[in-house]
Amino acid sequence: MEELSHFINGKRVAGTSGQFADVMNPATGEVQAKVPLASPEELDAAVAAAAAAQPAWAATNPQRRARVLMEFVRLLNRDMDKLAEALSREHGKTLPDAKGDVVRGLEVVEFCIGAPHLLKGEFTDSAGPGIDMYSMRQALGVVAGITPFNFPAMIPMWKMAPALACGNAFILKPSERDPSVPLMLAELMTEAGLPDGLLQVINGDKGAVDAILDNDTIQAIGFVGSTPIAEYIYSRGCANGKRVQCFGGAKNHMIIMPDADLDQAADALVGAGYGAAGERCMAISVAVPVGEETADRLIEKLVPRVEALKVGPYTSGTDVDYGPVVTAAAKANIERLVQSGVDQGAKLVVDGRDFSLQGYENGFFVGPHLFDNVSKEMDIYRTEIFGPVLCTVRAKSYEEALGLAMDHEYGNGTAIFTRDGDAARDFANRINIGMVGINVPIPVPLAYHTFGGWKKSGFGDLNQHGPDAFRFYTRTKTVTARWPSGIKEGGEFSIPVME
């Protein structure tokens, strides 16, 4: 059985704690590798090495730092197939979806190549007699990212690329469920020319997370995961004086207006609701058709599409729609929530409870489920299921549909499908949710805009990637400089004011 490692000071390093976690093959239910779980002492040693390497990197010309990222992009494209296969093997995603995971991260790296421009400060000439003022953006030092299982390539790159471009050293604590791709990314970054010690990959569980939160050297932490853990990391990290951004759970609504193209809406719902087995924080998990006629027609179009979904391992080819969920525990939780929906009175119009895949009976496959007549008191509506389950909540009016999305505790993403520009504009302006799609089911912003949710989907005041990333990973220093000319007139003892 393969034994994985950490990545410290430019090379793979075996764990010394003696503790390991199993890395599963979700398609077969078999253990395919074990990954070491770092002790607090291992984490602290990696941080100390990163701190020693960081000052020279921060003093490096930003353009030269960007050139490392340029080469990293080339290497990512070179090894795309290898990265996607490793990702699919541990996560269960289809190969096309795994490549999309890598490409979405790559796009943020491409944006970060523009770091020299994004790190420019401001300058004011002659702010006073002989006085100039200017600001500088400077690296924080050592920063860390705690990233989830569902995007093991994309989210590590969303965190580490801007952090490194800004001149920081970066500690990555990836999910222990699918750690191979983060280790491969670190190797590629070293091959691209990143000096040793600036990117450390430390595998671990809650013990490693707490060590990151309590380490005095680490100045900032970025996290993506569930809301309860996001709240924990945010509160403890902030209490320790760190800059923290945490992104949590979601329950993304898609409103379907009576004038929408229902074929387009149905296709969008199937892709956004069931892609990656629903294990996406931007998945559409609630369809909200407006009006009974709209709802009846939508369900009529959804049922055959959902029933036709092809579920299987990534090795079955590119026509597989989605694969297994990540663990047996995740599968059991989805099945529990589906049963609660039935018990609480929702109508299960596509029932995937008896799904079984021949030859993969021990895998973590979950059949597609479609609920109708869901109410907002039900567990399947209130809870993030994180599985291939789409809930339909019928609304009598646009205002009722808008209120459903606005009243939910999560505020990550939402969408509206309509041909009415006035309704779309009103929706975009009024909705209290961070990312909005208009006839776009998964409104993930491109790399040069920022990604972030509202309410209990996001904690902190700066988002991921885009310009916010450069604000998050730097501090602003403002300098007031005076170069006196003429005869000195002695000291001034009153506070200076503008003349």
Set of residues satisfying salt bridge (charged side-chain N to carboxylate O under 4.0 Å, His left out) with respect to [X], sequence neighbours excluded:
X      : answer
Glu400 : none
Asp461 : none
Arg78  : Glu191

According to the interplanar angle, ranging from 0 to 90°, do the rings of Trp158 and His465 count as parallel (below 30°), tilted (30 to 60°) or perpendicular (above 60°)?
perpendicular

Any idea how Phe149 and His91 line up, ring-wise: parallel (<30°), tilted (30 to 60°), or perpendicular (>60°)?
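Ring orientation, 0 to 90° scale: parallel.
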
Non-hydrogen side-chain atoms of [X] and [Y] separated by less than 4.5 Å:
X      : Y      : value
Leu140 : Arg475 : yes
Lys251 : Val286 : yes
Met160 : Phe72  : yes

Does a donor on one side chain and an acceptor on the other come within less than 3.5 Å for Gln200 and Asn9?
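Distance-only check passes for Gln200 and Asn9.
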
Under the side chain to side chain donor-acceptor pair (under 3.5 Å) criterion, do Tyr398 and Asp420 qualify, and how do the steps go?
CA-CA 12 Å; Tyr398 165 73; Asp420 185 338; over 6 Å; no

I'd like to know if Asp214 and Arg236 make a salt bridge, using a cut-off of under 4.0 Å between side-chain N and carboxylate O.
yes

The single option from Tyr381, Tyr410, Phe417 passing ring-ring contact (aromatic ring centres under 6.0 Å, His included) against His253
Tyr381

Taking the six-membered ring of Tyr473, is the NZ or CZ of Lys159 close enough (under 6.0 Å from the centre) and on axis enough (within 45°)?
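Pair Lys159/Tyr473 does not count as cation-pi.
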
Would you find a donor on one side and an acceptor on the other, under 3.5 Å apart, between the side chain of Asp468 and the backbone of Thr450?
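Such a contact is absent between Asp468 side chain and Thr450 backbone.
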
